[in-house]
**Q** 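What follows is a structure written as structure tokens; I'll ask about it next.
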Amino acid sequence: MLRIYDTQTGGKKEFVPVNEGKVGMYFCGMTVQSEPHVGHMRVAVVSDIFRRYLRYKGYDVTLVINFTDIDDKIIEKARERGVDYQKIAQENIDKFMEFLAFLGAEKADYYPRATAHIDDIVAFVERLVENGVAYESGGDVYFEVGKWPGYGKLSKRRLEDLVAGASERVELDDRKRNPEDFVLWKAAKEGEPSWDSPWGKGRPGWHIECSAMTTKYLGEHFDIHGGGTELIFPHHENEIAQTEAATGKPYVNHWVHHGLVNLVGEKMSKSTGHFKTMAEISKQFSPDVVRFYLLSTHYRSEIEFSDERLAEAATAVERFENLFRTLERLVGREGEGVVAAQASPAVVDARKRFFDAMDDDLNTAQAIGHLFDVVRVINQEVGSGADEAVLRSDRAVLRELSEVLGLLEGIGTAGEEVPPEVLELVRVRTEAREARNWALADETRDRITALGYSVEDTSDGPVARKDK
RNA sequence: GGCGGCGUAGCCAAGUGGCUAAGGCAGAGGAUUGCAAAUCCUCGAUCCCCCGGUUCGAAUCCGGGCGCCGCCUCCA
């Protein structure tokens, strides 16, 4: 039984889809005001792992990730650079997609943008006005929080606390009836992008786009809505208010919030400039390493991002790579002579524990622990000369589990080309070793190393491969 | 101030009432190797921030501390 956490109820509960056999998932992507950083990468990996696993469980999954492509910062940047705001947005969207591909995350089914859904947004706001929970004021439209009794149920905040807090911090806008009200539609300011609406020219507030787009793509009541914990309030709280006030139905069954990514102990954020971009990361580490690293901590926990942590992950990932390589040497390429489940009992057992962990709120950290058990068992079997049929089945399990995590998909399935000059040196070294000329053998190995390759003496003779 | 989360071996990280507290990285020793590499084996918390309490039994529940972090209307 698959259990998934829900922020609103504050615990794990059985996953029961709204529509049998199908899953609707929406993750808040990014406000494309600057280039994506490692925090956004976590959304990409978390949404991807949810989709992979639900699909593994047999569901037909629809994943939607939005882009907020209009906000104050985007407008400001466009003005600074003297370009259209859409150019800023598009550049950052392109970068986001690029790194999604880098991470091996499959594309979402829809990537809706706020500015492409103005009609839907306006219709949604109108619905709220008609329902008496929103009001127009000076060209703005506000959601009147006090008119909707469920407000605060996600973030566990009480309205009076909000009012008290707000009075200290927020300058009272005289267009608002109450300080806790939030904007659904903003009247246009001079020189800003704007769209026509029943309240005059303007642009959407930050929260309303998600309500309009989720209901459009996934319906008024769907399964999973994700994002970072910092979005719980106000963004998701407001989204619930807007949507449920409009539809009169429960909105989302599982609110899934992933922990933030910290850099040197401090939250990464666009606003402080304290972040590491994906571009920097992709130069230093492979997609498998980054994925492995992010998945080795449970998605709801905070995670600290540092080069040291990534380097450790790289060492761990190498063990998987080495095993796939060893298996290829011993029993050939994957897919050749695949035998049905003859995997060894220890592997089968670890496989079961792997899926138990995944069923428990996608506990990838625990699942990875069991995956290492599989690796160790297979290595033991390799060392003791296990039957090829068993090794093939073992490998099939290993492949199955790593695919659930989206790891190592390209490993062991394609031979690595080694250039002729390296192969020649390997031959020279082998001859030297046969002649017990250790000095020449070691010197030749040094030359191979200098070319960026290493050579290992396996039971099947020397094997050369490119260094990382 | 309000709300929420966290504190487990040198580091990272599972485990949230009951077998010997997963796994990874680092380290030590051993096997294997001409030497390496790869791999395997062995070794590490008598204990889970501290102090009380509940319980036959708690890292896990409750109370009180201490420390760290997030949110409180830009932010994945």
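Naming: A, B, ... by sequence-line order, numbering from 1 per chain. Predicted, not measured: the structure shown is a model, and the values here were computed from it.
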**Q** State which of rA13(B), rA76(B), rG24(B) makes the closest approach to the side chain of Thr297(A).
**A** rA13(B)
**Q** With sugar-phosphate meaning primed atoms plus P, OP1 and OP2, does Arg329(A) contact a base, only sugar-phosphate, or nothing at under 4.0 Å between heavy atoms?
**A** nothing
**Q** P atom, rU46(B) versus rG10(B): distance in rounded Å?
**A** 9 Å
**Q** Using a strict threshold of under 4.0 Å (side-chain N to carboxylate O), is an ion pair present between Arg353(A) and Asp373(A)?
**A** yes
**Q** Just compare rC25(B), rC40(B), rC35(B) and give me whichever is closest to any side-chain atom of Arg445(A).
**A** rC35(B)
**Q** What nucleic acid atoms does His298(A) come within less than 4.0 Å of, heavy atoms only: base, sugar-phosphate, or nothing?
**A** sugar-phosphate
**Q** Just call it for Ser454(A): base, sugar-phosphate, or nothing, with non-hydrogen atoms closer than 4.0 Å on any strand.
**A** nothing
**Q** May I ask you to say what Asp442(A) touches in the nucleic acid, namely base, sugar-phosphate or nothing, with a heavy-atom cut-off under 4.0 Å?
**A** base
**Q** According to a strict under-4.0 Å criterion, is Arg325(A) in side-chain N/O contact with OP1 or OP2 of rA38(B)?
**A** no
**Q** Starting at the 5' end of RNA chain B, which residue's closest nucleotide do you reach first, Ile368(A) or Thr229(A)?
**A** Ile368(A)
**Q** Quick one: label Thr326(A) by what it contacts on the DNA or RNA (base, sugar-phosphate, nothing), any heavy atom closer than 4.0 Å.
**A** nothing
**Q** Is the shortest side-chain N/O distance from Asn322(A) to OP1 or OP2 of rU39(B) below 4.0 Å?
**A** yes
**Q** Calculate the interatomic distance between Arg300(A) atom CZ and rG4(B) atom P; express it in whole Å.
**A** 16 Å
**Q** Would you please classify the geometry between the Phe143(A) ring and the Trp148(A) ring as parallel, tilted or perpendicular, with 30° and 60° separating the classes?
**A** perpendicular
**Q** Below the 4.0 Å mark, does rA14(B) have OP1 or OP2 next to a side-chain nitrogen or oxygen of Asn363(A)?
**A** no
**Q** Looking across every strand, which nucleic acid part, if any, lies under 4.0 Å from Val455(A) by heavy atom: base, sugar-phosphate, or nothing?
**A** base
**Q** Base of rC35(B), side chain of Asp457(A) - is there a donor-acceptor contact under 3.5 Å?
**A** yes
**Q** Under 3.5 Å, is there a donor-acceptor pair linking the side chains of Tyr251(A) and Glu239(A)?
**A** yes
**Q** Say you draw a straight line from CG of Asn92(A) to OG of Ser34(A); how long is it, rounded to the nearest 0.5 Å?
**A** 6.0 Å
**Q** Which base, if any, makes a Watson-Crick or G-U wobble pair with rA38(B), both distances under 3.5 Å?
**A** none
**Q** Gln380(A) near the nucleic acid: base, sugar-phosphate alone, or nothing, with a heavy-atom cut-off under 4.0 Å?
**A** sugar-phosphate
**Q** In whole Å, measure the gap between the P atoms of rC25(B) and rG5(B) for me.
**A** 33 Å
**Q** Under 4.0 Å, heavy atoms only, any strand: does Gly226(A) hit a base, just the sugar-phosphate, or nothing?
**A** nothing
**Q** Quick one: is rC69(B) close enough that its OP1 or OP2 comes under 4.0 Å of any side-chain N or O from Asn262(A)?
**A** no
**Q** Ring-plane angle category for Phe67(A) and Tyr111(A), please: parallel below 30°, perpendicular beyond 60°, tilted otherwise.
**A** parallel
**Q** I want to verify a distance call: between rC12(B), rG23(B), rU73(B), whose nearest atom is closest to the Arg309(A) side chain?
**A** rC12(B)
**Q** Does NZ or CZ of Arg42(A) fall inside the cone over Tyr299(A)'s six-membered ring, less than 6.0 Å from its centre and within 45° of the axis?
**A** no
**Q** Flag as yes if Phe372(A) stacks onto the base of rG23(B) (centroids under 5.5 Å, planes under 30°), otherwise no.
**A** no
**Q** Would you say a side-chain N or O of Arg353(A) is under 4.0 Å from OP1 or OP2 of rA14(B)?
**A** no
**Q** Starting at NE2 of His235(A) and ending at C1' of rG4(B), how long is that distance when rounded to a whole Å?
**A** 19 Å
**Q** Tyr299(A) OH to rA76(B) C1': how many Å, rounded?
**A** 15 Å
**Q** With heavy atoms under 4.0 Å as the rule, sort Ala365(A) into base, sugar-phosphate or nothing.
**A** base
**Q** For rC25(B), does either OP1 or OP2 sit under 4.0 Å from a side-chain N or O belonging to Ser296(A)?
**A** no
**Q** Just how far, in rounded Å, is C1' of rA76(B) from CD1 of Ile281(A)?
**A** 13 Å
**Q** Consider the side chain of Asp373(A), meaning its heavy atoms from C-beta on, and name the nucleotide among rG23(B), rA76(B), rC71(B) that approaches it most closely.
**A** rG23(B)
**Q** Can you figure out which of rC69(B), rC35(B), rU39(B) approaches the side chain of Glu302(A) most closely?
**A** rC69(B)
**Q** Reckon Arg433(A) touches a base, only the sugar-phosphate, or nothing at all at heavy-atom distances under 4.0 Å?
**A** base
**Q** Thinking salt bridges, do Glu456(A) and Arg465(A) make one under a 4.0 Å N-O criterion?
**A** yes
**Q** Find the distance between CZ (Phe324(A)) and CG (Asn322(A)) and round it off to the nearest 0.5 Å.
**A** 11.5 Å
**Q** From the options rA76(B), rC41(B), rU73(B), select the nucleotide whose nearest atom is closest to the side chain of Glu180(A).
**A** rU73(B)
**Q** Looking at rC25(B), rC35(B), rA76(B), which one has an atom nearest to any side-chain atom of Arg429(A)?
**A** rC35(B)
**Q** For the C1' atoms, the ones on rG15(B) and on rU20(B), what distance do you get once it is rounded to whole angstrom?
**A** 15 Å
**Q** So what does Gly383(A) hit on the nucleic acid, given a heavy-atom distance under 4.0 Å: a base, only sugar-phosphate, or nothing?
**A** nothing
